[in-house]
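Sending over a structure as structure tokens; questions will come in a sec.
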Amino acid sequence: MKIVIRSIPAKGLELNETLEPSVIGLSADDIRALSPLLVKGSVSRVGDTVVAHTEVTSHYMMECARCLREVAIDREDEFDFDYRIEEGMESIDLGEDIRQEVLMRMPLRVLCRQDCKGICLGCGVDLNVEQCKCKK
């Protein structure tokens with residue numbers, strides 16, 4: 001998601017893009033996206049710095065930490081970036097920074113529901129659906 005620095009007008013530049021996760025380097029190993037990422041925001045120049053404010057909406061699939069069922073997750077995150085303009089620098093690429101922030105803000109674990117009972121460690125049944133078959 002490259003922004004050409006000289007194309008940023010004095011009033012700033014509005015962002016409204018739909019990106020496939022692979023465009024910013026997110027693979028299926030990183031995130032199981034259900035739809036493209038929606039990136040909205042603004043980019044402006046302040047002296048010798050480019051300031052970017054982004055709002056990223058994403059929909060992805062994770063596994064419940066207890067029962068291993070798939071859970072669809074919707075997220076809306078805001079990220080702020082600033083880039084010092086170096087001599088000879090013609091553009092900035094927001095893609096890598098957005099990728100890193102999306103990955104860092106992913107929850108480490110999710111639950112399909114708050115009262116998820118998980119799976120039996122003995123027989124492996126989903127305790128949300130059926131009774132344990134283990135002999136007590």
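Hydrogens, waters and symmetry mates are skipped; everything else that's a heavy atom, side chains included, is used.
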Worksheet item: Are the side chains of Arg66 and Arg109 in touch, meaning some heavy atoms are under 4.5 Å apart?
Response: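 A side-chain contact exists here, since the closest heavy-atom pair is under 4.5 Å.
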Worksheet item: Does Leu13 belong to the same Ile/Leu/Val/Met/Phe/Trp/Tyr cluster as Tyr83, with side-chain heavy atoms less than 4.5 Å apart forming each link?
Response: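 In one cluster with Leu13: Tyr83, yes.
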Item to complete: Decide whether Leu15 and Leu19 are clustered together by the hydrophobic rule: side chain heavy atoms of Ile, Leu, Val, Met, Phe, Trp, Tyr closer than 4.5 Å, transitively.
Response: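 The answer is yes; both residues are in one hydrophobic cluster.
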Worksheet item: Within the side chain of Arg75, is there an N or O that forms a donor-acceptor pair under 3.5 Å with the backbone of Tyr60?
Response: no
Practice prompt. Give a yes or no on whether Ile3 and Leu37 share a hydrophobic cluster (residues Ile, Leu, Val, Met, Phe, Trp, Tyr; joining criterion: side-chain heavy atoms under 4.5 Å apart).
Written response: yes
Practice prompt. Give the C-alpha distance, both sets of side-chain angles, the deciding distance and a yes or no for side chain to side chain contact (heavy atoms under 4.5 Å, CB included) between Asp77 and Glu101.
Written response: CA-CA 9 Å; Asp77 294 301; Glu101 290 293 334; over 6 Å; no
Worksheet entry | Reported OG-to-CD distance for the pair Ser44 and Glu14, which is rounded to 0.5 angstrom | 9.5 Å
Item to complete: Check whether any side-chain heavy atom of Glu76 sits under 4.5 Å from a side-chain heavy atom of Glu78, and report yes or no.
Response: no
Discussion item. Can you list everything that forms a salt bridge (charged side-chain N to carboxylate O under 4.0 Å, His left out) with Glu96? Sequence neighbours excluded, please.
Written reply: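 Result, salt bridge (charged side-chain N to carboxylate O under 4.0 Å, His left out) vs Glu96: Arg99.
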Discussion item. Please report the interatomic distance CG(Asp48) to CD(Glu87), rounded to the nearest 0.5 Å.
Written reply: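 The CD atom of Glu87 is 12.0 Å from CG of Asp48, to the nearest 0.5 Å.
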Fill in: Transitive ILVMFWY side-chain link Val23 to Ile92, under 4.5 Å
yes
Practice prompt. Would you give the length of the straight line joining atom CE of Met62 to atom SG of Cys64, rounded to the nearest 0.5 angstrom?
Written response: 10.0 Å
Discussion item. In the structure I gave you, are the side-chain heavy atoms of Met106 and Ile31 within less than 4.5 Å of one another anywhere?
Written reply: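 In short, these two side chains touch, coming nearer than 4.5 Å.
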Worksheet item: Heavy-atom distance under 4.5 Å between the side chains of Glu90 and Arg6, does that happen here?
Response: yes
Discussion item. Nearest 0.5 Å, please: how far is NZ in Lys11 from OG in Ser42?
Written reply: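 Reported to 0.5 Å precision, the distance equals 12.0 Å.
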Fill in: Heavy-atom pair of closest approach, residues Phe81 and Leu94
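Closest pair (atom of Phe81, atom of Leu94, distance): CD1-CD2, 4.2 Å.
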Worksheet item: Is it the case that one hydrophobic cluster holds both Val102 and Val71, taking links as side-chain heavy atoms less than 4.5 Å apart, direct or via other members?
Response: yes
Worksheet item: Any side-chain heavy atom of Arg45 within less than 4.5 Å of one from Ile85?
Response: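 When only atoms from C-beta onward are counted, Ile85 and Arg45 do touch, with a gap below 4.5 Å.
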Fill in: Side chain Thr54, main chain Phe79, donor-acceptor under 3.5 Å
yes
Worksheet item: So, for Ala72 and Leu34, which heavy atoms are closest and what is the spacing to 0.1 Å?
Response: CB-CD1, 4.0 Å
Practice prompt. Indicate the atoms forming the closest heavy-atom contact of Met1 with Gly95, along with that distance.
Written response: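 Shortest heavy-atom separation between Met1 and Gly95 comes out as CB-N, 4.0 Å.
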Worksheet item: Counting only heavy atoms not in Glu130, do more than 12 fall under 6.0 Å of its CD?
Response: yes
Discussion item. Using the rule given for side chain to side chain contact (heavy atoms under 4.5 Å, CB included), can you reason through Asp126 versus Leu68, listing the C-alpha separation, both sets of side-chain angles and the distance that settles it, and then say yes or no?
Written reply: CA-CA 9 Å; Asp126 182 344; Leu68 304 179; over 6 Å; no
Practice prompt. List the steps and the verdict of side chain to side chain contact (heavy atoms under 4.5 Å, CB included) for Leu127 and Cys132.
Written response: CA-CA 7 Å; Leu127 298 172; Cys132 173; 4.0 Å; yes
Worksheet item: To the nearest 0.5 Å, what is the distance between CG (Leu103) and CG (Leu26)?
Response: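 Those atoms lie 5.0 Å apart.
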Worksheet entry | Residue pair Asp82 / Val50, side-chain heavy-atom distance below 4.5 Å | no
Discussion item. Minimum heavy-atom separation for Cys123 and Lys133, please, with both atom names.
Written reply: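 Looking at all heavy atoms of both residues, the shortest contact is SG-N, 3.4 Å.
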Worksheet item: What distance do Met61 atom CE and Glu70 atom CD have between them, rounded to the nearest 0.5 Å?
Response: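 Rounded to the nearest 0.5 Å, the CE-CD separation comes to 5.0 Å.
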Practice prompt. Test Gln131 against Val125 for side chain to side chain contact (heavy atoms under 4.5 Å, CB included), laying out the working first.
Written response: CA-CA 7 Å; Gln131 292 287 330; Val125 300; over 6 Å; no
Give every donor-acceptor pair under 3.5 Å between a side-chain atom in residues 110-122 and any protein atom, sequence neighbours left out.
residue : atom : partner : partner atom : Å
Arg113  : NE   : Asp115  : OD1          : 2.8
Arg113  : NH2  : Asn128  : OD1          : 2.9

